[in-house]
Amino acid sequence: MLAMIKGSDIYVLSGLLAHDGDWSYRSLAERLRVPHSVVQRALERARGADLYSADRREVHLPHFEEFALHALRFVAPGRLGALTPGVPAAWAAEPMASVIGSSGDEPPPVWPYARARVRGQAIEPLHPAAPEAAEDGPELGEVLALLDSLRVGDVRVRQVAGDLLSKTLRDRSAAASR
């Protein structure tokens with residue numbers, strides 16, 4: 001019986017997408033600030049869903065793109081919540097912030113994080129470790145911003161995020177084939 005994909009699985013796959021070069025379960029777990037077992041179980045579920053190739057040790061990009069664009073917001077839905085200090089997320093973080101202008105009327109979406117200086121509307125990250133891990137790895141933060149925009153954004157935000165994610169994955173695929 002196959003297990004259902006979880007938000008934490010997408011978080012682990014995002015960590016792989018944001019990383020170039022060799023990796024181990026342990027190094028990925030350290031970078032994502034999660035236990036080794038979380039990485040191991042996430043990649044096993046992702047393999048079962050054909051989002052990850054264990055043989056090539058990489059994300060299956062076309063399937064991940066299709067999943068992110070069409071299923072992510074149903075599998076790991078997000079909602080904007082109460083005002084809280086946090087790390088800018090979704091369209092308030094790069095690369096979305098450069099494309100989607102803020103009106104200034106609405107508080108930005110943020111991942112709740114006690115040490116943050118930005119006040120905005122809370123959005124639950126794909127994994128609780130995301131705010132701290134993204135601080136140390138901007139590439140991870142960018143992938144997660146795109147995915148959060150797909151999870152909670154309106155139609156226009158989701159369209160922009162989908163286009164940026166598709167471009168990111170195409171660029172990654174082209175770099176890997178060189």
Legend entry - His19 and Arg31, any side-chain heavy atoms less than 4.5 Å apart: yes

Inset, instruction - Can you establish whether the number of heavy atoms outside Gln121 located under 6.0 Å from its atom CD is more than 12? - result: yes

Legend entry - Heavy-atom donor-acceptor pair, Asp163 side chain to Val160 backbone, under 3.5 Å: no

Inset, instruction - Return the minimal non-hydrogen interatomic distance between Gly162 and Leu69, and the atom names on each side. - result: CA-CD2, 3.3 Å

Legend entry - For Ser149 against Ala90, the heavy-atom pair lying closest together: OG-C, 3.2 Å

Inset, instruction - Would you check if Val157 and Val152 make a side-chain contact, meaning some heavy-atom pair closer than 4.5 Å? - result: no

Legend entry - CG on Leu146 to NZ on Lys167, rounded to 0.5 Å: 11.5 Å

Inset, instruction - Mark yes or no for whether Arg151, through its side chain, and Ala76, through its backbone, hold a donor-acceptor pair below 3.5 Å. - result: yes

Legend entry - CD on Glu58 to CG on Leu16, rounded to 0.5 Å: 9.5 Å

Legend entry - Check: Ser24 main-chain N/O paired with Ser27 side-chain donor or acceptor under 3.5 Å: yes

Legend entry - Qualifying residues under side chain to side chain contact (heavy atoms under 4.5 Å, CB included), relative to Ala134, sequence neighbours excluded: Trp111

Inset, instruction - Compare every heavy atom of Ile123 with every heavy atom of Ala89, then report the nearest pair and how far apart it is. - result: CB-CG2, 3.9 Å

Inset, instruction - Kindly compute the distance separating CG (Leu51) from CD (Glu65), expressed to the nearest 0.5 Å. - result: 12.0 Å

Inset, instruction - Side-chain contact test, heavy atoms from C-beta onward, threshold under 4.5 Å: evaluate it for Ser14 versus Leu140 and give yes or no. - result: yes

Legend entry - Euclidean distance, Leu144 CG relative to Glu139 CD, rounded to 0.5 Å: 11.5 Å

Inset, instruction - May I ask whether Val110 and Val143 are part of the same hydrophobic cluster, defined by side-chain heavy atoms of I, L, V, M, F, W, Y residues being less than 4.5 angstrom apart, directly or through others? - result: no

Inset, instruction - Check for a donor-acceptor pair, side chain of Tyr11 on one end and backbone N or O of Leu32 on the other, with a separation under 3.5 Å. - result: yes

Inset, instruction - Indicate if Val38 and Trp23 have the same hydrophobic cluster label, given that clusters are the connected sets of ILVMFWY residues with side-chain heavy-atom separations under 4.5 angstrom. - result: yes

Inset, instruction - Check whether any side-chain N or O of Arg158 sits under 3.5 Å from a backbone N or O of Gly153 as a donor-acceptor pair, and report yes or no. - result: yes

Inset, instruction - For Ile5 and Val75, work out which heavy atoms get closest and say how close. - result: O-CG1, 3.3 Å

Legend entry - side chain to side chain contact (heavy atoms under 4.5 Å, CB included) assessment of Val39 paired with Arg26: CA-CA 8 Å; Val39 170; Arg26 189 166 317 288; over 6 Å; no

Legend entry - Validation row: Tyr113, Pro85 side chains within 4.5 angstrom (heavy atoms): no

Inset, instruction - Measure the spacing between CZ of Arg45 and OH of Tyr52 and express it to the nearest 0.5 Å. - result: 14.0 Å

Legend entry - Pairing residues for Asp136 by the side chain to side chain donor-acceptor pair (under 3.5 Å) criterion, not counting sequence neighbours: Arg33

Legend entry - Non-hydrogen atoms of Tyr25 and Arg57 that approach each other most closely: CE1-NH1, 4.3 Å

Inset, instruction - Could you state whether Leu61 and Leu72 fall into the same hydrophobic cluster, counting links through intermediate Ile, Leu, Val, Met, Phe, Trp or Tyr residues with side-chain heavy atoms under 4.5 angstrom apart? - result: yes

Inset, instruction - Using side chain to side chain contact (heavy atoms under 4.5 Å, CB included) as the criterion, list what pairs up with Arg79, not counting sequence neighbours. - result: Pro77

Legend entry - Worked check of salt bridge (charged side-chain N to carboxylate O under 4.0 Å, His left out) between Arg41 and Glu44: CA-CA 5 Å; Arg41 286 192 302 262; Glu44 185 60 32; over 6 Å; no

Legend entry - Side-chain heavy atoms of Pro109 within contact of Asp148, under 4.5 Å: no

Inset, instruction - Could you label the plane-to-plane angle of the Phe64 and Phe67 rings as parallel, tilted or perpendicular, counting under 30° as parallel and over 60° as perpendicular? - result: tilted

Legend entry - Ser173 (side chain) donor-acceptor with Leu169 (main chain) under 3.5 angstrom: no

Inset, instruction - Can you establish whether the number of heavy atoms outside Glu135 located under 6.0 Å from its atom CD is more than 12? - result: yes

Legend entry - Heavy-atom check, side chain of Pro131 versus side chain of Pro125, under 4.5 Å: yes

Legend entry - Members besides Leu83 in its Ile/Leu/Val/Met/Phe/Trp/Tyr cluster (side-chain heavy atoms under 4.5 Å): none

Inset, instruction - Could you list the residues that satisfy side chain to side chain donor-acceptor pair (under 3.5 Å) with Glu142, not counting sequence neighbours? - result: none

Inset, instruction - Write down the atom of Ala116, the atom of Val87, and the distance for their closest heavy-atom approach. - result: CB-N, 3.9 Å

Legend entry - No-hydrogen, no-angle side-chain donor-acceptor test under 3.5 Å, His60 and Asp50: no

Legend entry - Donor-acceptor under 3.5 Å (Thr168 side chain, Leu164 main chain): yes

Inset, instruction - Output all residues satisfying side chain to side chain contact (heavy atoms under 4.5 Å, CB included) with Asp22, sequence neighbours left out; order by chain, then residue number. - result: none

Legend entry - Interatomic distance, Gln40 atom CD to Leu28 atom CG [nearest 0.5 angstrom]: 11.5 Å

